[in-house]
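Take a look at the structure below.
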Amino acid sequence: MDELMAQRVAKLDTLRAAGVDPYPPRSTRTHTAADVTAIVEAFAEGSDHAGGVEVDVAGRVVARRDMGKATFIDLLDGSGRIQVLLRQNALGGHWYESLRLVDLGDFVGVHGVPMKTRTGQPTVGATSWTMLAKALHAPPEKYHGLADVEARQRHRYLDLMANEETRRVFTTRSRVVSAIRRFLDARGFLEVETAVLQEEPGGAAARPFKTYFNALDEERFLRISLELHLKRLVVGGFERVYELGRIFRNEGLSTKHNPEFTMLELYQAYADYYDIARLVEEMVSTVAHEALGSMVFNFRGDEIDLTPPWRRITLHDALREHGGLELDEFPTEAALRVELRRRGLPAIPETGGWGKLVDTAMSHYVEPRLIQPTFLLDYPVELSPLAKRKPGNPRLVERFEAFIGGFEAGNAYTELNDPIDQRSRFDEQLKLRNAGDDEVEMLDEDFMFALEHGMPPTGGLGIGIDRLLMILTEQPSIRDVILFPQLKSLKE
RNA sequence: GGGCCGCUAGCUCAAUUGGCAGAGCAAGUGACUCUUAAUCACUAGGUUGUAGGUUCGAGUCCUACGCGGCUCACCA
């Protein structure tokens, strides 16, 4: 035990020896910090007190200014900060003296009267105080806060207690998620919960996490998307469903990727991808307005305006506009590969077909330039085995991805509901897999059985909530919007 | 996984060419009854991420490892 902790334990023992429980089971709080501030601000003009009102406040001691026979303490509670003035002749000598047992980081309760100091600051003039919970470690530095990125992520509680900005990000996250629910609930969507542990992880091309189900003596996978289960529900007759849930992909970490992340997926019967595009821009802008009161955000140095309508451009046109690449001139995998090599693109995939190469070109030329919210429309069929083909052009599907701030934030299609085509698409995926592409969509027989019973024309959507939050809270890394991001363990 | 950068007191940061490891906050003692990054005086606090190596001498140079950040690859 280090010296600082030993000092605090000694104070704790002193309290106990005096018959004081340093961890009492409850407090008698009657007012929050914000309540007291409101009371003081309602004082009559020229008055510095409210006749007869007494309050009990409680919170963590975040600053302390010792003035001899008077001490100022700043308490932080869930509503904010409030200053407390403890004076010897208001508390009595014994209780003032025992203030020396109060350290930064302790939780204390204070009984007193709302008042203004000479400078007009709302303050509780204390008549008594109580220890509510003794802290055995010093909190992070009071002025600079906690800066070390690793410490902030490993010990998020320290980040939250030290950094106002962190508290803002995560209260915003909560408000955004509840605004999304309100938006969808108001439009007749039914919120559902589907299986996290799955026999066959489908709905996306990603490596899954594996786990083991002891009772059944079978392997299970953590879900990599919500799609196939939600579509089963549309088959079952739920016309508008959504799920806000955690999904898991056994892949790398980056400023845009965390292995577990929160996805919103929704499915709307009798809608197509154009309907979904309108829904997305309306939902995101409404949620931004409700949760943050603004539709304009500063993200990585760019000003991003979420006001609808968002730009719509086909992938085909975007490649011409941003890359000078005319896809029609390179209609085969071989021709496109030669062209991309000639252009010197990095990381050209060896497997995966024409669609994968189009995706590579898109990532290189288009994606980084889509700073303002943009719907990129009509993708190669090979990349989208669950989306409906575009009438008149069977190489493309009715799909868009929504880009904001230079990365993908959403993905939507007119859902494929032709079970014959769906089965052949799974077959195509299997061929790609056999050709060496290990991240493809896997056949799910029960899903096929569902489709074979008939699914109405349906529009579907997936939005990465964490990425959306990055924009809305103006945070450059996904780890800044996830309370407990995945980190390597400390081996000792 | 590759490349680059970082790791010094509980926290935030210094340390010149390889030459006695420092400061602020926090802590302890004392002064101070309207302060608010309170102020003032004094005190204590270190296996410089870990393990080796070079050197008379290593926070500093070399090697390996650990953790983190950025970036590339993969992915949403």
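Side chains included, hydrogens not; waters and symmetry mates left out as well; all remaining heavy atoms used. Chain A is the first sequence line, chain B the second, and so forth, proteins listed ahead of strands; every chain is numbered from 1.
Look at A44(B): it lacks any Watson-Crick or wobble partner with both distances under 3.5 angstrom.
Checked against the 6.0 Å centroid threshold, F375(A) and F400(A) count as a close aromatic pair.
Residue R479(A) places at least one side-chain N or O closer than 4.0 Å to OP1 or OP2 of G69(B). For R65(A) and U33(B), the shortest distance from a side-chain N or O to OP1 or OP2 is not below 4.0 Å. The phosphate of U71(B) has neither OP1 nor OP2 within less than 4.0 Å of any side-chain N or O from K256(A). In terms of phosphate contacts, Q153(A) brings a side-chain nitrogen or oxygen within less than 4.0 Å of OP1 or OP2 of G69(B). Not one side-chain nitrogen or oxygen of R207(A) sits closer than 4.0 Å to the OP1 or OP2 atom of C74(B).
In this model, a side-chain donor or acceptor of N89(A) finds a partner on the base of U33(B) within 3.5 Å. No hydrogens or angles were tested; on distance alone, nothing pairs the side chain of S254(A) with the base of U71(B) as donor and acceptor under 3.5 Å.
Stacking between F407(A) and A76(B) is absent: the ring centroid is not both under 5.5 Å from the six-membered base ring centre and under 30° in plane angle.
Comparing atom distances between the L4(A) side chain and each of C11(B), G10(B), G28(B) picks out G10(B) as nearest. Closest contact between the side chain of A147(A) and the listed nucleotides G28(B), C13(B), C74(B) involves C13(B). Of the candidates G30(B), G69(B), U12(B), the closest approach to any side-chain atom of R100(A) belongs to G30(B). Which of A76(B), G69(B), C67(B) sits closest to the side chain of E408(A) comes down to A76(B). If you check G68(B), C34(B), A37(B) against the side chain of Y143(A), the one that comes closest is A37(B). Considering only the side chain of T255(A), C70(B) comes nearest among C11(B), A44(B), C70(B). Distances from the side chain of T117(A) to the nucleotides C32(B), U36(B), U12(B) place U36(B) closest. Checking C34(B), U12(B), C67(B) against every side-chain atom of H144(A), the shortest atom distance belongs to U12(B).
No side-chain donor from either of R16(A) and Y23(A) sits under 3.5 Å from a side-chain acceptor of the other. At a cut-off of 3.5 Å, with distance as the only test, no side-chain donor of T32(A) or D77(A) sits close to an acceptor on the other residue.
Across A15(B) and U48(B), the matching C1' atoms stand 11 Å from one another, rounded to whole Å. Nucleotides G53(B) and U60(B) place their P atoms 14 Å apart, quoted to the nearest Å. Comparing G19(B) with C40(B), their P atoms sit 33 Å apart, to the nearest whole Å.
Although no hydrogens or angles enter the test, the distance criterion places a donor-acceptor pair under 3.5 Å between the side chain of E281(A) and the main chain of W310(A).
With respect to the salt-bridge test (charged N to carboxylate O, under 4.0 angstrom), the residues D66(A) and R64(A) qualify.
Two residues, V102(A) and Q486(A), neighbour RNA chain B, and the one matched to the more 5' nucleotide by heavy-atom proximity is V102(A).
Cation-pi geometry between R467(A) and F407(A) is met: the NZ or CZ atom falls under 6.0 Å from the ring centre, inside 45° of the normal.
The residue Q83(A) sits close to a base: some heavy atom pair falls under 4.0 Å.
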